[in-house]
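See structure below.
When reading the values below, keep in mind they use all heavy atoms of this one structure, side chains included, and skip hydrogens, waters and symmetry mates. Note on naming: letters A, B, ... go to the chains in the order of the sequence lines (proteins, then strands), and numbering restarts at 1 for each one.
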Number of protein chains: 2
Amino acid sequence: MCTFSFFPFLRAQSRGMIKCKKCNQVEFIQKSGIMRGKQRYYCKSCDYHFTIGDENTPQEPKRHHEVTIMDIARQLGISKSTVSRALRGHTDIHEGTRQMILDLAKELDYEPNPLANALLKRRTNIIGMLVPEFRHYFFPTIIMGAQAVLSKAGYNLMIFQSDESYETEVANVKALLRSRVDGLLVSITGKTENFDHFRTVLQKEVPLVFFNRVCPELETPQVIIDDYSGAFQAVEHLIEQGYRRIAHLAGPSILQIARLRMQGYVDAMQKHGLPMDESLIVYHDLTEENARLCARHLLDLPQPPEAIFAVNDPSALEVLLLAKQRGIKVPQDLGIVGFSNDPVSALIEPSLSTVDQPVWEIGEQSALLLLEQLDQPRVETKVLQTRLIVRDSSRRKG
Amino acid sequence: MCTFSFFPFLRAQSRGMIKCKKCNQVEFIQKSGIMRGKQRYYCKSCDYHFTIGDENTPQEPKRHHEVTIMDIARQLGISKSTVSRALRGHTDIHEGTRQMILDLAKELDYEPNPLANALLKRRTNIIGMLVPEFRHYFFPTIIMGAQAVLSKAGYNLMIFQSDESYETEVANVKALLRSRVDGLLVSITGKTENFDHFRTVLQKEVPLVFFNRVCPELETPQVIIDDYSGAFQAVEHLIEQGYRRIAHLAGPSILQIARLRMQGYVDAMQKHGLPMDESLIVYHDLTEENARLCARHLLDLPQPPEAIFAVNDPSALEVLLLAKQRGIKVPQDLGIVGFSNDPVSALIEPSLSTVDQPVWEIGEQSALLLLEQLDQPRVETKVLQTRLIVRDSSRRKG
DNA sequence: AAACCTATCGGGAAGGTTCTCGAAACGGGT
DNA sequence: ACCCGTTTCGAGAACCTTCCCGATAGGTTT
């Protein structure tokens, strides 16, 4: 209904009456291509290119942003340096000024932005933690122990789980590194044979502490338990109970904990002059299904074992369950000892003998060791003690 | 051994022969105080203050810094904008240039700095997760479910546990907010009555999803299970088995899950015309010790219950253990049903009847819901189904 | 009063990105 | 030569903080 005549500026534009943004002249304007969809003009007079923008679009009112150190400075008419000093508790600042700043900061509910800080200082105050699994009580408890120490020291925890997959482990380490964590707490999978991803960590000088499942090739601080003597005691206990044909449900031999427990088993057998039967040693990869298979394999043996020492409680439990299912009497006809003292071991019937390890403390000590590394890189190995707990699954004397 | 004469500049300095840093003149110099331990001078001629610095100290070779977008730009003689465009997969870039940049980036092992990115974009790609505890399988499993979804979407997880302490919960929420997480996944403690800390979250427009133990006062998205009908079924099952005097070991009534399970209990009792005996309802705060106390209280009653419906499996287990310890026959003389289907329930003897809930899925769904919130804030409640699992602890018929 | 000193504050760079917007280069058509 | 359009690139701001170092205002000493 309305015609152009009512909108002179529209007419001007529609007829090419474009004014130069600089000199406001019209006669020297010519088109000069299209710029992201908009017509572009060129003023010969002042040698200036321009497009007709939406300068009239109501500029949003300085988008919502959180209160910064600059806001405080502006309101107080001082510089951001001074505010920073006051907030950081620095010296070189007047007591009155500091109070002013502190008061306003509280009033505005100012929270320092850790991102800006991290960018500048190159430390995120985040510790990365990588565990193989979450299913049983073991690793969650370690995490709790580590978190107690770390959060007291002002660090947050970023947790990943590799799910016993080497590929996931590699990917997780990469992700952790990308996130610029200040340090790493790691327990490897049962399948990790190549340690290049950890070499990268070391090369980037990111502090790295292994716990429980440690890396045998790398010179790094670590927290382990006395696997060997734990295993030795367990097997010796079985021998004392009169079991002779003792099997070992072992872990993957690439894991140091598995090798040491195996060695304890072997040495205890030899010490008591018992013959080593290779067929009584089976390896599993620490997954639940695989443990079940191995348990079946052992009990299906033409000449089944009289007792089984398992590398950890979850696998010992699989043996126990299968035995119960088949009506095999534990401990009379089959002795079982596990490793790690999972709470379930005490609840099940018959209760499971096992080797106790200070799980929470593993977490604590790992965290403490890592905290040390942040100051002073120094390779150290902490060894925590184990303790045999004899329960019903292996007690057939006294 | 050496005298000043061999070091004319030293003599000059020692005699006050200081040259102005600007005009190089000597005669107009005078001391003007001490500046952070160093003598400070003033040149009257050019009105200039200065100190004699260690300009000759060998400037460290530009301290080790990680490879940035600028390094690539410099080596290629192009601008950082172009590099950023190539790396981001933007358009507006020559294919040859892009290849060059991509190749060099790979060669230099360039990793974008997420901190800088986060600072600029105001998103950290970190999701905060707050759970009451870590001890049982429940929350770790939820975390696994959530992590599976979130890491696929490019988010990392920062996990805190409140340890059933209100104060810790408040502190953790603050820490999470301070860390500028992009979103929050929360299950509250059994003691949380004041929700101001979550109001702060909402006010800062940080997406917040509650799961399992949700907040009754706030209008937020949440993932829950059908507690009421789960409880109802459980109690009805007990009634069908011929139990009449049924107790409820309840959770803290401020928790919605506890209230709903209580309601299920009450309604099932009423439906079957069973009298409500207030003394048969005891509340516990979800800690282990307290559960033990409550179990003892119930069994010590002058007229003890014939069956107990417990608010969760850990507390049901306490009842079961105490009963076994006292030689009470389960299920003949005492029926027990728990809630949540902890794996231990199937292992213990007698096996524990319980209400199964899709734990992993709770984590998944919560994560998905949070992911939605990041795009489009929208209040939604997802309700997952429960399923009664009848085991030995409550089966005395059929 | 000049010389010197201390206490307090401000300016600006750095940290690594992304994004906006303007500029240059280029290609083809008159 | 000129015009017009496209493709490709660069400068610089913004994000927020800390830290270095120079600057200033007073006071105190000769």
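Applying the 3.5 Å distance criterion, the base of dA11(D) shares no donor-acceptor pair with the side chain of Ser79(B). Judged by distance alone, with hydrogens and angles left aside, Thr68(B) brings no side-chain donor or acceptor close enough to the base of dG15(C) to form a pair under 3.5 Å.
Contact annotation for Ile93(B): backbone-only contact, meaning every heavy-atom pair under 4.0 Å involves sugar-phosphate atoms and none involves a base. In this structure, Glu95(A) reaches neither bases nor backbone, as no heavy-atom distance under 4.0 Å exists between it and the strands shown. Pro112(B) comes within 4.0 angstrom of sugar-phosphate atoms only, judged by non-hydrogen atoms across all strands, and of no base.
Taking only side-chain nitrogens and oxygens, Tyr110(A) never comes nearer than 4.0 Å to OP1 or OP2 of dC16(D). Side-chain nitrogen and oxygen atoms of Ser84(B) include none within less than 4.0 Å of the OP1 or OP2 phosphate oxygen of dT17(C).
Nearest heavy atoms, Tyr155(A) versus Arg123(A): OH-NH2, 3.3 Å.
Checking dT18(D), dA14(D), dG12(D) against every side-chain atom of Leu120(B), the shortest atom distance belongs to dA14(D). Nearest nucleotide to the His94(A) side chain, out of dC9(C), dG16(C), dT18(D): dC9(C). Taking only side-chain atoms of Arg85(B), from C-beta outward, the nucleotide of dT17(C), dC9(C), dT20(C) with the closest atom is dT20(C). With distances taken from any side-chain atom of Thr82(A) to the nucleotides dC9(C), dC19(D), dT17(D), the minimum falls on dC9(C). Comparing atom distances between the Glu66(B) side chain and each of dG16(C), dG12(D), dT17(D) picks out dG16(C) as nearest.
Asn156(B) is not listed as a side-chain neighbour of Ser151(B), based on a closest heavy-atom distance of 4.5 Å or more.
The CZ-C1' distance, from Arg122(B) to dC16(D), rounds to 10 Å in whole Å. Between Arg123(A) atom CZ and dG15(C) atom P there is a gap of 17 Å when expressed in whole angstrom units. Protein atom CD1 of Ile78(B) is 14 Å distant from nucleotide atom P of dT8(D), rounded to whole Å. In this entry the distance linking CG of Asp92(A) with C1' of dG10(C) reads 12 Å, nearest Å. Atom CZ in Arg88(B) sits roughly 17 Å away from atom C1' in dT20(C) (whole-Å rounding). Rounded to whole Å, the distance from NE2 on His90(A) to C1' on dC19(D) is 8 Å. Note: NZ (Lys80(B)) to C1' (dT17(C)) measures 9 Å, nearest angstrom. One atom, CZ of Arg74(A), and another, C1' of dT17(D), lie 14 Å apart when rounded to the nearest Å.
The residues Lys174(A) and Glu169(A) are annotated as not salt-bridged, no charged nitrogen and carboxylate oxygen being separated by less than 4.0 angstrom. The existence of a salt bridge linking Arg180(A) and Glu66(B) is confirmed by a sub-4.0 Å separation between a basic side-chain nitrogen and an acidic carboxylate oxygen. The pair Asp103(A)-Lys106(A) does not meet the salt-bridge criterion, since no charged nitrogen lies less than 4.0 angstrom from a carboxylate oxygen.
Positionally, the nearest nucleotide of DNA chain D for Thr97(B) lies more toward the 5' end than for the other of Leu119(A) and Thr97(B).
Under the side chain to side chain contact (heavy atoms under 4.5 Å, CB included) criterion, Ser84(A) pairs with Ile69(A), Arg88(A), sequence neighbours left out.
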